[in-house]
Novice: 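There's a structure below that I have some questions on.
Keep in mind it's a predicted model, so treat the numbers as computed, not measured. Whatever order the structure lists them in is the order used to number ligands and atoms, beginning at 1.
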Amino acid sequence: MSAASHDHCVTIPEIRSRKAGVPLVCLTAYTTPMARLLDPHVDLLLVGDSVGMVVYGYDSTLAVTMDMMIAHGRAVVRGTRHACVIVDMPFGSYQESPQIAFRNAARIMAETGCKGIKIEGGAEMAETIAFLTKRGIPVLGHVGLMPQSVNVVGGYRARGREGADAARILADAKACAEAGAFALVIEGTVESLAHAITKSVPVPTIGIGASPACDGQILVTEDLLGIFREFTPKFVKRYAELGQIIEESVQAFGADVRDRRFPGPEQLFGLKRKTG
Ligand code: KIV
């Protein structure tokens, strides 16, 4: 998809057909104004549960709720005409059973208008992925570093750096693709594993910290723009320093207010002229 084709809404089959084609351009979004800015330039917008850390200031994604994902999902769909919008299922909303996952995924789809949902997990989620896909819910899988498992793993370290872990993640990716996932996010792993997964599955892989071996790339938009500066992972490339621009702009506003330069004559309402 090019930046020019923004009157066409990207479909799930179009995302799937990008396997080994022009790399998929994907970003996160949580609000309407940001979605409007990103929409013409990307193939896929993910309403990630990273919203919990980036917008709400939590130290993990675990406290994110269904209501939060639905509110932000709706906001992003409202600001989107072109990109395929996918909403993350929050921790605890899908792991218990395929039936509970279906009920929550259907609610997200119906109440936001998104095109599909994303869930974290490997082979243990294959039954759920098949259950959802067969019932009309497109699923984006997510393997490798899985932030919702931070407490089991004990941190956000890169995954698949040694043989047994790499073999397990490759098997997880294959199980998700066989179960019907339309694409797979691969997070935080080494190039050799990302390459092996990308070669082994028939659906596109979307990397975040997973090398150029993937069929597409995704980043958290606030990382790329230099707005979220608490912690910048090694795999992020900052394309702007908007955090600095915001600070400088607010300092300039403060100085103008204190020195009575703002509001100036251009910002004042005039008196109504009498007619007749
Ligand atoms: O929650 C999120 O933003 C994600 C992406 C980083 C892939 O899962």
Novice: What atoms of ligand 1 come closer than 4.0 angstrom to any heavy atom of Ile208?
Specialist: 6 (C)
Novice: What do you reckon, does Lys118 put a non-hydrogen atom under 4.0 Å from ligand 1?
Specialist: yes
Novice: When you check the gap from the basic side-chain N to the acidic O, do Arg107 and Asp67 get nearer than 4.0 Å?
Specialist: yes
Novice: For atom 5 (C) of ligand 1, what's the nearest protein heavy atom and its distance?
Specialist: Leu46 CD2, 3.7 Å
Novice: Indicate the atoms forming the closest heavy-atom contact of Ala75 with Tyr30, along with that distance.
Specialist: CB-O, 4.1 Å
Novice: Suppose I only count heavy atoms of His142 and a 4.0 Å limit; which atoms of ligand 1 are within that range?
Specialist: 8 (O)
Novice: Under 3.5 Å, is there a donor-acceptor pair between the His8 and Glu14 side chains?
Specialist: yes
Novice: Give yes or no for whether the N/O distance cutoff of 3.5 Å, strictly under, is met between Ser50 and ligand 1.
Specialist: yes
Novice: Roughly how far apart are Asn104 CG and Ile119 CD1, rounded to 0.5 Å?
Specialist: 11.5 Å
Novice: Is it the side chain (CB and beyond), the backbone, both or neither of Asp49 that lies under 4.0 Å from ligand 1, heavy atoms counted?
Specialist: both
Novice: Could you tell me whether Asp88 and ligand 1 have an N or O pair separated by under 3.5 Å?
Specialist: yes
Novice: Could you list the atoms of ligand 1 found under 4.0 angstrom from a heavy atom of Thr28?
Specialist: 3 (O)
Novice: Please name the pair of heavy atoms, one in Leu27 and one in Leu219, separated by the smallest distance, quoted to 0.1 Å.
Specialist: CD2-O, 3.4 Å
Novice: Quick one: which ligand 1 atoms are inside 4.0 Å of a heavy atom on Gly48?
Specialist: 1 (O), 2 (C), 3 (O)
Novice: So which heavy atom on Ala210 is nearest to which on Gly207, and how close?
Specialist: CB-CA, 4.0 Å
Novice: Met69 versus Val64: any side-chain heavy-atom pair under 4.5 Å?
Specialist: yes
